[in-house]
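Reviewing the structure listed below.
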Amino acid sequence: MFASWLKPLERRYGLDLRSLALLRMGLALINLSDLWFRRGDLLAHYSDQGVVPRSLLGELWQPAYWSIHALSGAVWWQGVCFAIATFSALLMLIGYRTRWATVVSWVMVISLHNRNPLLVFAADDVMRAMLFWAMFLPLGSSYSVDQALNTSSIVQPKRILTGATLGLMVQQCYIYMFSALFKTTSADWWPDGTAVYYSLSFDQYVTPIGSFLLHLGPLLMVFTLVTLLLEWVGPLLLWSPIKTDLCRMVAIVIFILLHLGFGLTLNLGIFPALSCFTWLAFIPTSVWDRWAKRAFTPKQLGLKIYYDADCGFCKKVVHLLRTFLVLPRRVPLQTAQSDPIIQTAMETQNSWVIVDWRGQHHYKWQGIAYVVSLSPVFRPLAKVLRWSPLMAIGTRFYEAIANNRRLAGNFTKPLKYQSFTVRPTSWLSLVTLFILMLITLWNLRSITTHYAFVDDPSLAPLRRITHSRTLQKLAPLSQATRLDQSWSIFSPGPPKDDGWYVGVGTTISGEAINILQSGDISFDKPSLKQRAQLYDNMQWRTYFINLGRQKGQLSWNSFGQYLCARHDRLQTAQLLFVDERTTAPGIPQTASQQELFKHQCAPS
């Protein structure tokens, strides 16, 4: 019944299945790249020998936090967890058993983030939120192994409107609009308009391009106000009842450009790319249809692919090729035995038979190159496949497969056919809308507990709701699922506690050495290149930024132990911070040196 109520709105507000496939692949790629960037720090960031041993988690966690990674402090266990996360992300990328792969990815992402809260920054919050809604979306219904091996004869819809799609749209709005609300509590954003100046002055984030833009002066105020306006109003374009598709495309283009700007000017790790991919989920059906009309010419529509009916491996491969080469669904995949002429050609050539729109036949590797040349995405690869040396190697490879099809079948054997249809279900929509209501209340709670609004009498009715016993009892649920959201990205104002770290180690012989970087000890302001060498990745950058703040102080002792373990014959490890707080435009900066800790190393 509930699904029938949503049906009239589907044409305007439904999400296209192809767009959701882009979201799936984007989330998987970002997850894989994030795991790749973290892979070198299993000991430093996730083991008991690192900067945050498990003994600290009780002070860093909320009551209902959990982590599979924290079941052991050994490096090998972290490797196992990373392997599980990588495997599930790969399955998600190709779209095989997509829902289960997404669930596992979500679980492993929460586990990873909880294992070391001092590494968590804005992109991690976005990733968890997006993966949560992804679990309820039909991400595997297009451009996936699931779709390629779907045996259902029911034609799938182009778009779908469910409680989960509405939840994804609302979540996207919350990320920007709540952040914009918190930004308005700082004069840096409004009315001073200096937030972009302060952001680009924060050397621990800024890139060389961002540093150069500091010279633009008054234009930085324009950038500040435009950014704030876009975060307030831009997401609402998703809900426009007029020219809906046009408004959505305007929002997509604007926010992708905005995040590309963020990525060029600030070191924000996966955040810009992740945010760009999330906007691709809202590409309208009309855009896809216009693209397909241009991309699929008579060459594509006239293609026919024949395979050996006695070869299960061959059947799966042609279905996978049609799907991942983004060929029209109407391209027929037929058994060679269904046509005597084709069967004769197959047996003579010991090959599949590709019939082009003119009726000409293509075989073996040359057939692969021809099919690839018809792909609107991979067409440029066809020239490489037709390169003479590669054509000769490819042909021999094809013949080897053709002569050992049973052996080749072992590689596709794990891929099972399944039958599924994409249609809204009332009970799932009701569940997801209930969760959306809870997320809304948890986001509203972040307002009523914010220092700028905590004493606002006009929010008293809202405060009674967000602080009700019922919602307090549900707090563990928000913590366990990591839906305890508070979108305070560069809000209320950009960070100003800038500076740099100096690590001084004293060896047993009394020699002072640099224990953070190679080279001599120096208290001079490091270049952006030197900072990049120190931080190595976004996780180290975030850790060092947090190190001088209250929660980072909890890890001073363990960080000292880690530094001692990294250097032989070290007697003491001292960490100093040169504080260079960002000042208003035109006011000179001053630097002051302070010791964070001096750790006595255990005798080796």
Side-chain angles (χ1 to χ4, degrees), residues 34-35 37-73 75 77-78 81-82 85 108-128 202-205 266-271 479 482 484-490 495 497-503 515-516 531-532 534-566 573 575-577 579 594-597 599:
D34 188 44
L35 291 167
F37 293 139
R38 296 174 187 257
R39 78 194 187 287
D41 297 312
L42 298 186
L43 184 146
H45 290 163
Y46 308 106
S47 77
D48 283 346
Q49 292 77 48
V51 297
V52 178
R54 289 176 297 162
S55 58
L56 286 183
L57 295 179
E59 298 177 82
L60 292 169
W61 277 5
Q62 294 294 327
Y65 280 10
W66 54 271
S67 175
I68 297 173
H69 292 69
L71 292 178
S72 171
V75 174
W77 176 247
Q78 308 311 314
C81 291
F82 268 62
M108 296 309 294
V109 163
I110 290 179
S111 175
L112 177 66
H113 295 170
N114 285 347
R115 175 57 189 87
N116 192 337
L118 296 182
L119 308 181
V120 173
F121 72 114
D124 299 323
D125 299 331
V126 175
M127 174 65 87
R128 292 194 307 272
F202 194 67
D203 293 328
Q204 298 191 69
Y205 275 142
L266 298 169
N267 287 294
L268 298 175
I270 63 172
F271 181 69
Q479 296 165 5
R482 289 309 310 269
D484 46 346
Q485 301 175 1
S486 178
W487 302 107
S488 54
I489 305 168
F490 277 86
D497 52 341
D498 207 358
W500 61 93
Y501 290 92
V502 178
I515 54 176
L516 290 184
R531 288 179 187 269
L534 169 63
Y535 295 142
D536 191 40
N537 56 33
M538 192 61 195
Q539 284 67 46
W540 275 116
R541 188 180 299 272
T542 303
Y543 177 74
F544 274 109
I545 290 173
N546 284 328
L547 197 58
R549 298 172 180 172
Q550 185 175 0
K551 62 180 180 180
Q553 295 176 16
L554 296 172
S555 73
W556 284 1
N557 184 60
S558 53
F559 187 42
Q561 292 176 357
Y562 170 75
L563 291 173
C564 289
R566 282 186 60 198
L575 187 68
L576 304 103
F577 183 69
D579 189 351
Q594 61 184 35
E595 181 184 86
L596 298 188
F597 65 78
H599 186 82

>> side chain to side chain contact (heavy atoms under 4.5 Å, CB included), that's the test. Do Phe544 and Leu534 meet it? Break it down for me.
In response: CA-CA 10 Å; Phe544 274 109; Leu534 169 63; 4.1 Å; yes
> side chain to side chain contact (heavy atoms under 4.5 Å, CB included) between Tyr535 and Asn267: does it pass, once the steps are laid out?
Replying inline: CA-CA 11 Å; Tyr535 295 142; Asn267 287 294; over 6 Å; no
> Any side-chain heavy atom of Lys551 sitting closer than 4.5 Å to one from Asn546?
Replying inline: yes
>> With a 3.5 Å distance limit and no angle check, can you tell me whether Ser111 reaches the backbone of Ser67 through a side-chain donor-acceptor pair?
In response: no
>> Let me confirm one number: the CG-CG distance from Asp41 to Asp536, rounded to the nearest 0.5 Å.
In response: 6.5 Å
> Run the side chain to side chain contact (heavy atoms under 4.5 Å, CB included) check on Met127 and Asp34 step by step: do they pass?
Replying inline: CA-CA 11 Å; Met127 174 65 87; Asp34 188 44; 5.8 Å; no
> Given side chains that start at C-beta, do those of Trp556 and Leu596 come closer than 4.5 Å, heavy atoms only?
Replying inline: yes
> Counting heavy atoms not belonging to Gln594, are there more than 12 under 6.0 Å from its CD?
Replying inline: yes
> Atom CG in Leu112, atom CZ in Phe82: separation rounded to 0.5 Å?
Replying inline: 5.0 Å
> Which pair of heavy atoms, one from Cys564 and one from Ala573, lies closest together, and at what distance?
Replying inline: SG-CB, 4.0 Å
>> Could you report the tightest heavy-atom contact between Tyr205 and Pro495, atom names first, then the distance?
In response: CE1-CG, 4.3 Å
> Just by distance, with hydrogens left out, do His113 and Arg482 show a side-chain donor and acceptor under 3.5 Å apart?
Replying inline: no
> Would you call Phe202 and Phe490 a side-chain contact if the rule is heavy atoms closer than 4.5 Å?
Replying inline: no
> With no hydrogens and no angle check, is any side-chain donor or acceptor of Asn114 less than 3.5 Å from a backbone partner on Trp66?
Replying inline: yes
> Can you name the one residue among Leu60, Leu56, Asn116 that meets side chain to side chain contact (heavy atoms under 4.5 Å, CB included) with Ser555?
Replying inline: Leu56
> At their closest point, which heavy atom of Ala44 faces which heavy atom of Tyr562, and how far apart are they?
Replying inline: CB-OH, 3.4 Å
> Looking at OG of Ser486 and CG of Asp125, how far apart are the two atoms once the value is rounded to the nearest 0.5 Å?
Replying inline: 8.5 Å
> Are the side chain of Arg128 and the backbone of Ile110 linked by a donor-acceptor contact shorter than 3.5 Å?
Replying inline: no
>> With side chain to side chain contact (heavy atoms under 4.5 Å, CB included) as the criterion, how do Arg115 and Arg54 come out once you've worked through the C-alpha distance, each side chain's angles and the decisive distance to 0.1 Å?
In response: CA-CA 8 Å; Arg115 175 57 189 87; Arg54 289 176 297 162; 3.8 Å; yes
> Does Leu516 reach the side chain of Leu563, with side-chain heavy atoms less than 4.5 Å apart?
Replying inline: yes
> Of all heavy-atom pairs between Gly269 and Phe121, which one has the smallest distance, and what is that distance?
Replying inline: CA-CZ, 4.5 Å
>> Once rounded to the nearest 0.5 Å, what's the spacing between atom OG of Ser558 and atom CG of Asp48?
In response: 10.5 Å
>> For Gln78 versus Ser72, what's the shortest heavy-atom pair and its separation?
In response: NE2-O, 3.0 Å
> Nearest 0.5 Å, what's the CZ-CD1 distance between Phe37 and Ile270?
Replying inline: 8.5 Å
> Are any of the side-chain heavy atoms of Trp540 and Val51 separated by less than 4.5 Å?
Replying inline: yes
> Do Phe559 and Leu118 come within less than 4.5 Å of each other through their side chains, counting heavy atoms only?
Replying inline: no
>> Measuring from atom OH of Tyr46 to atom CZ of Arg38, what distance do you get when rounded to the nearest 0.5 angstrom?
In response: 4.0 Å
> So do Leu57 and Val52 actually touch side chain to side chain, heavy atoms under 4.5 Å?
Replying inline: yes
> Between Phe271 and Ile489, is any pair of side-chain heavy atoms under 4.5 Å apart?
Replying inline: yes
> Hey, does the side chain of Asp498 reach the backbone of Asp203 with a donor-acceptor pair shorter than 3.5 angstrom?
Replying inline: yes
>> How close do His69 and Trp77 get, counting heavy atoms only, and between which atoms?
In response: O-CD1, 3.4 Å
